[in-house]
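Scope of the values below: all heavy atoms of this structure, side chains included, with no hydrogens, waters or symmetry mates. We name chains A, B, ... by the order of the sequence lines, and we start the count at 1 in each one.
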2 protein chains.
Amino acid sequence: MKQLKEALDTLKDTGVRITPQRHAVLEYLINSMSHPTADEIYKALEGKFPNMSVATVYNNLRVFREVGLVKELTYGDASARFDFVTTHHYHVICENCGKIVDFHYPGLDEVEHLASHVTGFKVENHRMEIYGSCPECASKEVH
Amino acid sequence: MKQLKEALDTLKDTGVRITPQRHAVLEYLINSMSHPTADEIYKALEGKFPNMSVATVYNNLRVFREVGLVKELTYGDASARFDFVTTHHYHVICENCGKIVDFHYPGLDEVEHLASHVTGFKVENHRMEIYGSCPECASKEVH
DNA sequence: TTCTTACATTATAATTGTTATAATTAATTT
DNA sequence: AAATTAATTATAACAATTATAATGTAAGAA
């Protein structure tokens, strides 16, 4: 609940209106510990907001991203997934069922420094994903 | 040239037919040191193969990916980019102009091990991208 | 070689995720 | 409350990719 309150404060501070739809999308993102797609959010809120447009979901996710509340994750060819930003973390992804698990790892700043040094880029950030099979899928695989 | 030859051998070994189109796509991927999109490849080979279909490009890129010759890179919302696999490396990407520079970093196996340990996943591989501004774009930015 | 079968390519249509547009509605400022 | 600004809706457009069906091509069997 604290997260939601803080997020709403962030919106207020940046002059973004807090509409019922935005509230609902944010709340869903925070509560669902998964990393939903825009369509999943849309479908999940269909009950509460029968008239809400998909465009609204996309629009608001973009707004949240611009404000820094939400990260857009784009894997493979499927649709983008959205992650409420808490602390910096990485994702471990099951190539079989698509499950995404958060994973913390401290020391990758060094990589940024080295990359900056080698390429001359002004490095801002990085992302990393680890791929494999989740325990459930791994146990089902043929050996 | 050696790379192309080896790639063709790989195709032969895996029973994939080497058609003129496949040869051309592979050659283009290897020679262009960039990371072209399917459409760029399509347009680049238009001269040589006026009748080639976009589907052929996509089909063959998929075949190459399945055989392990090519990696598909999917960033943001733009179109996928394709990278001929040589040695394992990471990408440094300019958020302004989209330029992609290769970058080597040895010690990220440890991350895989830790991830596996913490999440119980059977980890297969990982990817990492570093984002920032390339020297050219950085120098143009307002300070 | 010719026949047969399996695979590739082509052209086109369909699909999917996302964005743009215009009209309507709601919220904030004056 | 009136005026202004922003948000939502419904719909159309778009772009990247994939599926489909027809045609073409190559490799192995007869």
Whole angstroms only, please: what is the [atom1]-[atom2] distance between [X] and [N]?
X: B:H23; N: D:dT25; atom1: NE2; atom2: C1'; value: 18 Å
X: B:Y42; N: D:dA15; atom1: OH; atom2: P; value: 15 Å
X: A:E46; N: D:dT8; atom1: CD; atom2: P; value: 17 Å
X: B:E66; N: C:dC7; atom1: CD; atom2: C1'; value: 14 Å
X: A:R22; N: C:dA26; atom1: CZ; atom2: P; value: 15 Å
X: A:R65; N: C:dT18; atom1: CZ; atom2: P; value: 11 Å
X: A:D39; N: C:dT19; atom1: CG; atom2: P; value: 14 Å
X: A:L11; N: D:dA6; atom1: CG; atom2: P; value: 16 Å

Worksheet item: Can you find a heavy atom in the side chain of B:V16 that is under 4.5 Å from one in the side chain of B:R22?
Response: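 Counting from C-beta outward, B:V16 and B:R22 do come under 4.5 Å.
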Worksheet item: Heavy atoms, side chains only, cut-off 4.5 Å: are B:V118 and A:V101 in contact?
Response: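 With C-beta onward as the side chain, the pair stays apart.
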Discussion item. Less than 4.0 angstrom between a side-chain N/O of A:Y58 and OP1 or OP2 of C:dT18, yes or no?
Written reply: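 So the side-chain polar atoms of A:Y58 do come within 4.0 Å of the phosphate oxygens OP1 or OP2 of C:dT18, strictly under.
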Worksheet item: If only side-chain N and O atoms of B:R62 are considered, is one of them under 4.0 Å from the OP1 or OP2 phosphate oxygen of D:dT17?
Response: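 Indeed not, no polar side-chain atom of B:R62 lies that close.
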Discussion item. Which residues pass the side-chain hydrogen bond (donor to acceptor under 3.5 Å, both in side chains) test with A:K43, not counting sequence neighbours?
Written reply: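 For A:K43, the residues satisfying side-chain hydrogen bond (donor to acceptor under 3.5 Å, both in side chains) (neighbours in sequence not counted) are A:D39.
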Fill in: side-chain hydrogen bond (donor to acceptor under 3.5 Å, both in side chains) involving B:R81 - partner list, sequence neighbours excluded
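side-chain hydrogen bond (donor to acceptor under 3.5 Å, both in side chains) list for B:R81, sorted by chain: empty.
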Worksheet item: Relative to each other, are the rings of A:Y90 and A:H126 parallel, tilted or perpendicular (30° and 60° limits)?
Response: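 Ring orientation, 0 to 90° scale: parallel.
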Discussion item. Which heavy atom of B:V57 sits nearest to which heavy atom of B:A38, and what is that distance?
Written reply: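 Taking B:V57 first and B:A38 second, the nearest heavy atoms are CG1-O, 3.6 Å.
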Fill in: Residue met sooner reading DNA chain D from 5', once B:R17 and B:T37 are mapped to nucleotides
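First, find each residue's nearest nucleotide; the 5'-ward one identifies B:T37.
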Are any protein N/O atoms closer than 3.5 Å to N/O atoms in nucleotides 9-11 of chain D? If there are, list each pair with its distance.
unit_1	atom_1	unit_2	atom_2	d
D:dT9	OP1	A:Q21	NE2	3.2
D:dT9	OP2	A:S53	N	3.2
D:dT9	OP2	A:T56	OG1	2.8
D:dT9	O5'	A:N51	O	3.1
D:dA10	OP2	A:N51	O	2.9
D:dA10	N7	A:S53	OG	3.3

Worksheet item: Just by distance, do the side chain of B:T10 and the backbone of B:E6 share a donor-acceptor pair under 3.5 Å?
Response: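 Answer holds: yes.
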Discussion item. Please classify the nucleic acid contact of B:N60 as base, sugar-phosphate, or nothing, using heavy-atom distances under 4.0 Å.
Written reply: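 It contacts sugar-phosphate atoms only.
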